[in-house]
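What follows is one structure encoded as structure tokens, with my remarks underneath.
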Amino acid sequence: MKTLQIESGDLVIGPGGAQLLTGQARVIQDLSIASLEPFGCDRFHPNWGSVLTNYIGMPITDELRLLVQSEVTRLVSNYMVEQNTEIQADADAGRRSRFQSGEILVNLTGVEVRATEDKVQVRAILQTLSGEQMALQSTVRN
């Protein structure tokens, strides 16, 4: 599946026009954007976005790390549900799936959290249907 490449909130323009992303790079971009956007900001996808910005400035405790880990798990799980919905819609319509096995998420194998007074850094390890692993790294600032 293809999507427009975005960098620092802007479309990336190259030779021939807007640049496209596919595969793992697309998945990482999608999840990075979701981690930065406010939860519920998309009326067509009410579970899109995250509440990670709510945790900035909170005391750095084990509870905070668990809250962030839980939110990243929810974010990735929601993405996996949306992927499965689209895969099923393709199958129901008799179309070939628009996803490659290297971009279908099947497991979140780990989440590391580092928090400071003004930002939360997250690194999530994701596994695809093809068995490949990829890392989502996101920094959420206030």
Side-chain angles (χ1 to χ4, degrees), residues 1-58 60 62-142:
M1 191 166 166
K2 296 179 183 179
T3 194
L4 295 168
Q5 183 177 359
I6 298 173
E7 191 172 293
S8 300
D10 292 322
L11 289 174
V12 175
I13 306 297
Q19 299 299 293
L20 300 174
L21 287 179
T22 60
Q24 292 183 7
R26 183 190 61 78
V27 173
I28 294 298
Q29 177 179 284
D30 287 351
L31 289 170
S32 295
I33 290 170
S35 72
L36 298 172
E37 291 188 343
F39 178 74
C41 68
D42 186 334
R43 67 181 176 169
F44 299 109
H45 302 281
N47 291 324
W48 178 259
S50 79
V51 296
L52 290 172
T53 55
N54 295 350
Y55 304 139
I56 295 172
M58 289 179 65
I60 302 167
D62 288 339
E63 179 183 7
L64 174 65
R65 286 182 179 82
L66 286 173
L67 286 169
V68 171
Q69 187 176 30
S70 175
E71 178 60 5
V72 170
T73 300
R74 185 204 62 79
L75 188 75
V76 171
S77 296
N78 180 62
Y79 191 81
M80 290 167 58
V81 166
E82 289 300 318
Q83 278 187 327
N84 286 330
T85 300
E86 291 180 34
I87 290 167
Q88 188 61 52
D90 287 344
D92 291 346
R95 295 185 301 252
R96 196 177 105 201
S97 176
R98 56 193 117 167
F99 294 96
Q100 303 165 7
S101 63
E103 63 188 355
I104 299 171
L105 298 183
V106 295
N107 196 14
L108 172 64
T109 60
V111 179
E112 300 168 15
V113 177
R114 278 190 249 138
T116 62
E117 291 79 21
D118 65 342
K119 64 186 170 189
V120 175
Q121 295 175 302
V122 177
R123 184 171 189 266
I125 306 300
L126 310 165
Q127 183 179 1
T128 67
L129 183 61
S130 63
E132 300 170 82
Q133 288 196 338
M134 65 177 112
L136 165 66
Q137 298 188 62
S138 185
T139 300
V140 181
R141 298 176 190 270
N142 203 4

*Which atom pair, heavy atoms only, marks the closest approach of Leu105 to Met80?*
CB-CG, 3.6 Å

_pair Ile60-Arg65: side-chain heavy atoms closer than 4.5 Å_ = yes

*More than 12 foreign heavy atoms under 6.0 Å from CG of Asp62: is that the case here?*
no

*Thr109 side chain vs Ile125 backbone, donor-acceptor pair below 3.5 Å*: yes

*Could you tell me whether Arg95 atom CZ has more than 12 heavy atoms of other residues or ligands within 6.0 Å of it?*
yes

*Side chains of Ile104 and Thr128: closer than 4.5 Å at any heavy-atom pair?*
no

*Would you say the side-chain atoms of Asn84 and Gln88 include a donor-acceptor pair closer than 3.5 Å?*
no

_Donor-acceptor contact below 3.5 Å, side chain Gln100 vs main chain Ser130_ = no

*Do Asn54 and Leu67 pass the side chain to side chain contact (heavy atoms under 4.5 Å, CB included) test, and can you show the C-alpha distance, the side-chain angles, and the key distance before you say yes or no?*
CA-CA 10 Å; Asn54 295 350; Leu67 286 169; over 6 Å; no

_Between Glu71 and Val51 (side chain of the first, backbone of the second, donor and acceptor by atom type, cut-off under 3.5 Å), is there such a pair?_
yes

*Any side-chain heavy-atom pair from Thr53 and Pro38 closer than 4.5 angstrom?*
no

*Please tell me if the side chains of Asn47 and Arg74 come closer than 4.5 Å, counting only heavy atoms from C-beta onward.*
yes

*Can you tell me if Gln29 uses its side chain to pair, donor with acceptor, with the backbone of Leu4 under 3.5 Å?*
yes

*Pairs meeting criterion salt bridge (Lys or Arg N to Asp or Glu O under 4.0 Å) with involvement of residues 40-50, two or more places apart*: none

*Between Ser70 (side chain) and Leu66 (backbone), is there a donor-acceptor pair under 3.5 Å?*
no

*With side chains defined as the heavy atoms from C-beta onward, is the minimum distance between Leu136 and Val122 less than 4.5 Å?*
no

*Is the number of heavy atoms from other residues, nucleotides or ligands within 6.0 Å of CZ (Arg98) greater than 12?*
yes

_What verdict does the side chain to side chain contact (heavy atoms under 4.5 Å, CB included) test give for Leu36 and Ser138, after you've listed the backbone C-alpha separation in whole Å, the side-chain angles of each residue and the deciding distance to 0.1 Å?_
CA-CA 8 Å; Leu36 298 172; Ser138 185; 4.2 Å; yes

_Contact check, side chains of Ser77 and Leu108, non-hydrogen atoms, under 4.5 Å_ = no

*Return yes if some donor-acceptor pair links the side-chain N/O of Glu103 with the main-chain N/O of Ser101 below 3.5 Å, else return no.*
no

